[in-house]
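Heads up, the thing below is written out as structure tokens.
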2 protein chains.
Amino acid sequence: MSSSQEKFNAFIREKGLRLTSQRTVIARLALNRETHFTADDLLAWSREKDKGISRATVYRTLSLLTDLGLLESLDFGDGRLCYEPAEGRNHHDHIVCLHCGSITEFHCNEIEELQCDVADRLGFRVDHHSLRIYGTCKDCSERTECNEQR
Amino acid sequence: MSSSQEKFNAFIREKGLRLTSQRTVIARLALNRETHFTADDLLAWSREKDKGISRATVYRTLSLLTDLGLLESLDFGDGRLCYEPAEGRNHHDHIVCLHCGSITEFHCNEIEELQCDVADRLGFRVDHHSLRIYGTCKDCSERTECNEQR
DNA sequence: ATCTAATTGAGACTAAATCTCAATTACGCC
DNA sequence: GGCGTAATTGAGATTTAGTCTCAATTAGAT
């Protein structure tokens with residue numbers, strides 16, 4: 001069992017909540033993902049393990065996991081949230097290709113520091129931030145150039 | 001009439017679209033705002049001028065204006081888009097107070113440059129970006145400290 | 001095994017945004 | 001100024017992610 005799952009179980013016990021089979025299935029699937037996923041993805045995977053699992057329970061478990069900080073929710077502006085495991089991963093931002101939709105992670109310490117400077121200057125205490133760069137990825141650029149040459 | 005409105009009118013003519021009274025009302029109200037607003041705000045203001053204006057027409061005009069680059073749409077993650085005039089304004093990012101919801105604009109050239117560097121390194125051509133810092137504003141920090149002292 | 005409060009599933013509900021389509025209207029043409 | 005027609009509109013149906021309700025179920029303490 002991953003350490004995130006152990007944290008989840010511990011949290012459930014601490015808070016006097018109950019470790020149901022549904023929560024176990026949903027949390028395991030969510031926390032062991034490599035990349036981001038939607039609530040609907042998670043519902044589908046969960047139902048492969050237990051047909052009866054309801055949409056509501058998936059959303060309720062997602063809330064628990066994000067409140068706990070084990071999952072991070074990502075809004076790519078397409079009308080639904082994505083989620084990704086947050087434990088044991090370094091903070092990162094995302095660069096999104098507007099053509100193929102691919103999402104690449106990146107991290108830049110200098111940007112993070114400058115963000116803190118800006119917040120300081122404005123008298124803000126930073127909780128978190130979201131930086132999203134939108135553009136055209138290498139593959140799509142090359143593909144477009146080829147088309148233009150025709 | 002503002003230069004944005006003239007651009008809107010010119011665009012309408014160029015494209016063989018029609019300059020309806022509804023479009024004129026909605027565009028004028030949207031383009032002359034100082035701060036961001038929602039589609040529903042704009043619908044309410046438009047109906048003050050012309051009771052019959054429909055929600056659909058407001059959304060359709062918002063699409064025209066954002067496609068044209070005269071408005072920018074902002075997603076603060078509260079389940080609906082905000083809009084703000086984009087013409088004649090410098091690009092800026094937003095810092096949001098999680099307590100009072102206030103939204104402050106800021107701009108940092110160094111961050112912008114670093115973003116371009118990062119994109120270059122990853123082979124991306126940048127189209128646009130969105131940087132949002134979430135935290136506690138000065139006023140709310142002070143209010144919280146006072147409460148803690150009780 | 002029993003008890004009880006937390007949890008679940010099913011489906012109703014919400015809210016922003018989009019879509020449909022018959023009725024209206026802007027605008028080029030005469 | 002009036003005509004014709006294709007763009008536009010309004011009303012309301014629809015979509016979709018997510019939330020809520022509540023009776024039935026169940027985890028976990030005793």
Side-chain angles (χ1 to χ4, degrees), chain A residues 8-30 36-68 71-84, chain B residues 5 8-30 36-68 71-83:
Chain A
F8 179 64
N9 294 356
F11 172 81
I12 292 284
R13 296 245 159 70
E14 270 167 37
K15 293 283 178 183
L17 304 177
R18 291 174 184 181
L19 194 59
T20 64
S21 64
Q22 293 93 332
R23 278 181 178 160
T24 304
V25 165
I26 296 167
R28 194 184 59 226
L29 289 167
H36 58 271
F37 56 89
T38 66
D40 242 41
D41 292 336
L42 185 56
L43 175 62
W45 301 329
S46 301
R47 283 191 169 157
E48 285 173 17
K49 304 289 175 187
D50 173 354
K51 275 196 216 174
I53 284 179
S54 74
R55 182 177 306 278
T57 298
V58 168
Y59 276 103
R60 287 185 284 233
T61 307
L62 279 170
S63 283
L64 286 174
L65 291 167
T66 47
D67 289 353
L68 246 168
L71 283 187
E72 193 168 339
S73 71
L74 305 173
D75 185 347
F76 291 112
D78 62 347
R80 63 189 178 174
L81 291 178
C82 287
Y83 298 85
E84 63 178 24
Chain B
Q5 278 172 73
F8 179 64
N9 294 356
F11 172 81
I12 292 284
R13 296 244 161 70
E14 270 167 39
K15 293 284 179 182
L17 305 177
R18 290 172 185 182
L19 194 57
T20 64
S21 64
Q22 293 93 332
R23 277 181 180 160
T24 303
V25 166
I26 295 167
R28 194 183 59 227
L29 290 166
H36 58 270
F37 57 88
T38 66
D40 243 40
D41 293 335
L42 185 56
L43 175 61
W45 301 330
S46 300
R47 282 189 171 159
E48 285 172 17
K49 304 289 175 187
D50 174 353
K51 276 196 216 172
I53 284 179
S54 74
R55 182 176 305 277
T57 299
V58 167
Y59 277 103
R60 287 185 283 231
T61 308
L62 280 171
S63 282
L64 285 175
L65 291 167
T66 48
D67 288 352
L68 245 168
L71 284 186
E72 194 168 337
S73 72
L74 305 172
D75 185 348
F76 291 111
D78 61 348
R80 62 191 179 171
L81 291 179
C82 286
Y83 298 86

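Below, chains carry the letters A, B, ... as their sequence lines are ordered, and counting in each starts from 1.
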Does [X] have any salt bridge (charged side-chain N to carboxylate O under 4.0 Å, His left out) partners at least two apart in sequence or in another chain, and if so, which?
{"X": "A/Arg80", "answer": "A/Asp78"}
{"X": "B/Arg18", "answer": "none"}
{"X": "A/Asp67", "answer": "none"}
{"X": "A/Asp41", "answer": "none"}

Task: Partners meeting side-chain contact (heavy atoms from CB on, under 4.5 Å) with A/Ile12 (sequence neighbours left out) - done: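 Testing A/Ile12 for side-chain contact (heavy atoms from CB on, under 4.5 Å), a comparison that skips the adjacent residues, returns A/Phe8, A/Leu17, A/Leu19, A/Arg23, A/Leu64.
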- [ ] Report the residues that fulfil side-chain contact (heavy atoms from CB on, under 4.5 Å) with A/Ala30, sequence neighbours left out, ordered by chain and then residue number.
- [x]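 With sequence neighbours excluded, A/Ala30 shows a side-chain contact (heavy atoms from CB on, under 4.5 Å) to A/Phe37, A/Leu42, A/Leu65, A/Leu71, given in chain and number order.
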Task: Inter-end axis angle, the helix from C/dA1-D/dT30 to C/dC30-D/dG1, with every axis fitted to five base pairs (rounded, 10 degrees) - done: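 Inter-axis angle at the termini of the helix from C/dA1-D/dT30 to C/dC30-D/dG1: 30°.
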Open item on the list: So, using side-chain hydrogen bond (donor to acceptor under 3.5 Å, both in side chains) as the criterion, who are the partners of A/Gln22 when residues are at least two apart?
Closed with: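 For A/Gln22 there are no side-chain hydrogen bond (donor to acceptor under 3.5 Å, both in side chains) partners, ignoring immediate neighbours.
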Task: Residue-level proximity of residues 8-26 of chain B to DNA chain C when a heavy atom falls under 4.0 Å - done: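 Hits under 4.0 Å, by residue number: B/Arg18, B/Leu19.
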Task: Near-strand residues of residues 42-54 of chain A, defined as heavy-atom separation under 4.0 angstrom from DNA chain C - done: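 Listed by number, they are A/Gly52, A/Ile53, A/Ser54.
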For the atom pair [atom1] ([X]) and [atom2] ([Y]), what is the distance rounded to the nearest 0.5 Å?
{"X": "B/Ser21", "Y": "B/Ile26", "atom1": "OG", "atom2": "CD1", "value": "9.0 Å"}
{"X": "B/Leu74", "Y": "B/Thr38", "atom1": "CG", "atom2": "OG1", "value": "12.0 Å"}
{"X": "A/Ile53", "Y": "A/Thr20", "atom1": "CD1", "atom2": "OG1", "value": "8.0 Å"}

Task: For B/Leu62 against B/Ala39, the heavy-atom pair lying closest together - done: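 Scanning both residues, the minimum pair turns out to be CD1-CB, 3.7 Å.
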Task: Pairs where residues 44-58 of chain A contributes a residue and the test side-chain hydrogen bond (donor to acceptor under 3.5 Å, both in side chains) is met, not counting sequence neighbours - done: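 For residues 44-58 of chain A: A/Asp40-A/Arg55, A/Ser54-A/Thr57, A/Thr57-A/Arg60.
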Open item on the list: What does the B/S/- profile of nucleotides 16-22 of chain D look like, 5' to 3', with a 4.0 Å heavy-atom cutoff to protein?
Closed with: -SBBBB-
